[in-house]
Protein chains: 2
Amino acid sequence: MTTSESCSDCSVRDQALCGSLTNHELESLNRLGRRRHVAKGETLAWAGDDNLVCGNLLSGVLKLSSATTDGREQIVGLLYPADFVGRPFADQVDYDCTALTDAELCVFPREPFERALADHVQMERLLLQRVLAALGDARGRIVSLGRGSASGKVAGFLLDLADRAGTSGCRAMPGGPLTFDLPLSRGEMADVLGLTIETVSRQMTAMKTAGIISLPGGRAVTILDRQALEARLD
Amino acid sequence: MTTSESCSDCSVRDQALCGSLTNHELESLNRLGRRRHVAKGETLAWAGDDNLVCGNLLSGVLKLSSATTDGREQIVGLLYPADFVGRPFADQVDYDCTALTDAELCVFPREPFERALADHVQMERLLLQRVLAALGDARGRIVSLGRGSASGKVAGFLLDLADRAGTSGCRAMPGGPLTFDLPLSRGEMADVLGLTIETVSRQMTAMKTAGIISLPGGRAVTILDRQALEARLD
DNA sequence: AACCGCTTTTGATTGGGATCAAATGCACTT
DNA sequence: AAGTGCATTTGATCCCAATCAAAAGCGGTT
């Protein structure tokens, strides 16, 4: 995989915010931004830092998380390719942003980017849509955290990931078993779902025992019975 | 209290989105919208409905909630005066929207409002800011739901309300005890915090017994010891 | 292969909040 | 004042997930 600095071969060119720009506009934005590679486990920004950059995620998965007083953390959001990263108009970073996998971003200094936003109404509109989507995602998490049982939380999370993996995941036949890699460790799943590592692990093995999923090894998961997973949601 | 239909005497004129408009622009928006009174307990919109309106909340408190399969509900957000109500660019309503107190809104048909947004860049910018704030609020709720103990959740919620009540609440002397009315029942607090009515009630009486708050009657609460409340957060 | 560090799994026990149940309080009607 | 319908409080018990503890798996290094 080459890592050219040009937008024209950007892997998320037409899904990310920039998709709304003409080639000419894109060129000026291109001069503003630069590619940045982030290694798995590396933290791009810490909560409380000066809020200097934002950008688009090109590949990989990031987590947004908050450390809690008891030494653990709560993950408040996951970011996937083409998602917007960062928080315009804020002076400080509000959540730690860490790479769950190796990741590639296209980053812009925040203030110049905000000016560019003002100049490109279409882009601001798309950003609004994206923030609305993030809000929807966050509220869905609230429902899951507030009311779900442990098995419902894990089942729901696997379904989310399965939908997300839809294209990149691997499935033998349409409607058949779907296999994909979890981008998170058990501990990170626990931090998303408000559970402990042990509970997540137990729920996973319970589903394996029930024949709903299988765990081929590594971080791979195969969803054998999607309906059974959906039945566990409540 | 008079309920004139004019923007010029709107109680949230300079805090809501419309604050960015010139008097002339405001007039055209004024023709688009209308005042609507909602009685306590009344539901403005149900999840799944066609998404027909949005607007600004002028007075009162609204809740956004999702019914869960077990017959309860999870509240995903509370809306206060000057907050924006509704979800532009979506075909369907995503959460039930219900008045916790009698409330007054300024509502616009969604599609004309979206066109007005496009015409008034400044207003779109303010909406973006508001949605970003709502996202921050939602993520704060995620952290509270995911990791907090029951006493931490209740303490945090009381602190939120106290800050919100700041001006409207009543306090004998600066830094002294603050008294305000809860806009929610015990059951609704439980639905915000992901707890049961009984647990919320027990936490409240525990704090009363500890001398941290007092419950003068009705839905009033007095915060006697803010620091003790903050100490309970984790 | 053997060792190391780390993640995951599995087991035993505990505890905090849910649940079930009943009493009390409070606003409103008659 | 008595009665009605709710909301809230209080009490007793139970259960799910947390906690504590240890074993098993797994990748990387020498």
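All chains are named by letter (A, B, ...) in the order of the sequence lines, taking the proteins before the strands, and each is independently numbered beginning at 1.
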- Pull out every residue in residues 191-210 of chain B that has a heavy atom closer than 4.0 Å to any atom of DNA chain C, ordered by number, or say none. B:G194, B:L195, B:T196, B:E198, B:T199, B:R202
Minimum side-chain heavy-atom gap [X]-[Y] below 4.5 Å:
| X | Y | result |
| --- | --- | --- |
| B:L105 | B:L62 | yes |
| B:P183 | B:R219 | no |
| A:L195 | A:Q203 | no |

- Specify the separation, in whole Å, of atom CG of B:L215 and atom P of D:dA7. 18 Å
- Rounded distance in Å - NZ (A:K40) to P (D:dG28): 10 Å
- Message: Just verifying a value: how many Å separate A:E104 CD and A:C10 SG, rounded to the nearest 0.5 Å?
- Response: 9.5 Å
- Check step by step if side chain to side chain contact (heavy atoms under 4.5 Å, CB included) holds for B:D191 and A:R147. CA-CA 9 Å; B:D191 289 338; A:R147 288 285 175 242; 2.9 Å; yes
- For A:D96 and A:T98, test the side chains for any donor-to-acceptor distance below 3.5 angstrom and give the result as yes or no. no
- Item | 5' priority, DNA chain D, between A:D70 and A:G218 [closest heavy atom] | A:D70
- Item | A:R219 vs D:dG25: side-chain N/O to OP1/OP2 distance below 4.0 Å | no
- Message: Among B:D49, B:V93, B:V38, B:V53, which residue satisfies the side-chain contact (heavy atoms from CB on, under 4.5 Å) criterion with B:L44?
- Response: B:V38
- Item | Name of the residue among B:D181, B:I223, B:L182, B:L178 meeting side-chain contact (heavy atoms from CB on, under 4.5 Å) with B:L161 | B:L182
- Message: Any carboxylate oxygen within less than 4.0 angstrom of a Lys/Arg side-chain nitrogen, looking at A:R226 and A:E230?
- Response: yes
- Message: Whether B:R130 and B:D83 form a salt bridge (side-chain N of Lys/Arg under 4.0 Å from carboxylate O of Asp/Glu) is what I want to check.
- Response: yes
- Note on the structure: chain A reaches DNA chain C, atoms under 4.0 Å from its heavy atoms, from C:dT8 to C:dA12
- Any residue of residues 138-151 of chain A with a heavy atom less than 4.0 Å from an atom of DNA chain D: A:S149, A:A150
